[in-house]
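All chains are named by letter (A, B, ...) in the order of the sequence lines, taking the proteins before the strands, and each is independently numbered beginning at 1. Just so you know, these numbers use all the heavy atoms, side chains as well, and skip hydrogens, waters and symmetry mates.
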Protein chains: 2
Amino acid sequence: MLSRYVLDKLENLSYKITPQRKAILQVLEENQGDHLSAEQIFLSVKKRMPNVGIATVYRTLDALANLGVLHKTSFDEGLFRYEFCEDDRHHHHHLVCVTCGNITEIEEDLLYQLERKVEDQGFKVIDHSLVIYGICQGCQ
Amino acid sequence: MLSRYVLDKLENLSYKITPQRKAILQVLEENQGDHLSAEQIFLSVKKRMPNVGIATVYRTLDALANLGVLHKTSFDEGLFRYEFCEDDRHHHHHLVCVTCGNITEIEEDLLYQLERKVEDQGFKVIDHSLVIYGICQGCQ
DNA sequence: TGAAACAATGATAATGGTTATCATTATCGC
DNA sequence: GCGATAATGATAACCATTATCATTGTTTCA
Ligand SMILES: [Mn+2]
Ligand SMILES: [Mn+2]
Ligand SMILES: [Zn+2]
Ligand SMILES: [Zn+2]
């Protein structure tokens, strides 16, 4: 039950715990490892809560992303995808298959040297986004 | 005159050399080092060619990106930015200042280990996109 | 308890970058 | 120059996201 920690975080920041927000978190929780779009989340939430509005989904996802609970990532498809953040800093990277569109993950970070070099140039690093495009094993 | 090489490339692939395409290439050439949006390119071209259509700009940029002449990059601003490709593979990375929006470059690649690891997992790497977000020296 | 005060929601319009459509025009091999 | 065909420009359409606003739910505190 990951969302308990998230609900506490929301409560501490005086966000209201609404049925809509709980449902959105539950969908994300039930699809851990996936990279869901707002539309996909909206459709899943709708099954249990037919009257939910898509604006609420967008608002909630945005709030959760700003709180650092979710990662909002673009794979240049013209939309954003969302997933839980495992920890605050140095999240994993993504492999996107240009043939089938599948998105997988690499756990290794391995950007230390690069970031050290950047910091040496006087740039204060906050976050990074690395997407590797290629062809997955199944598509070769 | 970098665009001479590009014009030859276009000609060899039986693209027609039109005044619009020449003007678009010229704008990109005159702004090397910048990361221009389609809108910015459109406005610059318009100064010399007031009747140019924005659809032509988009079509040309898309064609040039597909030919590997331009890089089409997203910095998650809700639009794409374009710049000349210096070589086919292993282009530079970008630093985006979250305060002033300035985009600078790092020439070092330093993703060899990471890509080797990925290839070992059976993923055939074609391209990658690394954007580092942070605060630039001037904004600290 | 009972009102403000405030936060969240849902419906829907608006936004804005990009793409599709289509009639017109320009290019280039002959 | 001619003609096949590619390219262009105007404009409508697309579509993910955001803004607006009236309504509903929740908290505060007299
Ligand atoms: Mn992921
Ligand atoms: Mn660049
Ligand atoms: Zn694949
Ligand atoms: Zn800055």
Whole angstrom value for the distance that separates P of C:dG17 from CD1 of B:Ile41: 14 Å

A:Glu77 CD to C:dT19 P, straight-line distance once rounded to whole Å: 14 Å

Residues A:Arg4, A:Asp8: salt bridge by 4.0 Å N-O rule: yes

Donor-acceptor pair, side chain of B:Thr60 and main chain of B:Thr56, under 3.5 angstrom: yes

Closest to the A:Arg21 side chain, choosing from C:dT18, C:dA20, C:dT9: C:dT9

For nucleotides 27-30 of chain C, give me every protein contact, N/O to N/O, under 3.5 Å, one pair per line with atom names.
unit_1, atom_1, unit_2, atom_2, d
C:dC28, OP1, B:Ile17, N, 3.3

Outermost DNA chain D nucleotides near chain B [under 4.0 Å, heavy atoms]: D:dT5 to D:dA10

SB check A:Arg21 A:Glu11 (cutoff 4.0 Å): no

For atom CG of A:Asn51 and atom P of C:dT9, their distance in whole Å: 13 Å

Note: A:Glu30-A:Lys47 ion pair, threshold 4.0 Å (strictly below): no

Sugar-phosphate, base or nothing in reach of A:Arg59, heavy atoms under 4.0 Å: base

Residues A:Asp34, A:Arg81: salt bridge by 4.0 Å N-O rule: no

Heavy-atom neighbours of B:Gln137 CD exceed 12 at 6.0 Å: no

Earlier contact from the 5' end, DNA chain C, for A:Gly53 and B:Leu79: A:Gly53

Nearest-nucleotide 5' precedence on DNA chain D, A:Arg81 against B:Ser14: B:Ser14

Side-chain (B:Gln40) to main-chain (B:Ser37) donor-acceptor, under 3.5 angstrom: yes

Cation-pi, A:Phe80 ring and A:Lys72 (6.0 angstrom, 45 degrees): yes

Parallel, tilted or perpendicular: rings of B:Phe75 and B:His35 (30°, 60°): perpendicular

Under 4.0 angstrom between B:Tyr58 side-chain N/O and C:dT18 OP1 or OP2: yes

Length of the CG-C1' vector between A:Leu61 and C:dT9, whole Å: 15 Å

Between C:dG17 (P) and B:Ile54 (CD1): distance, integer Å: 8 Å

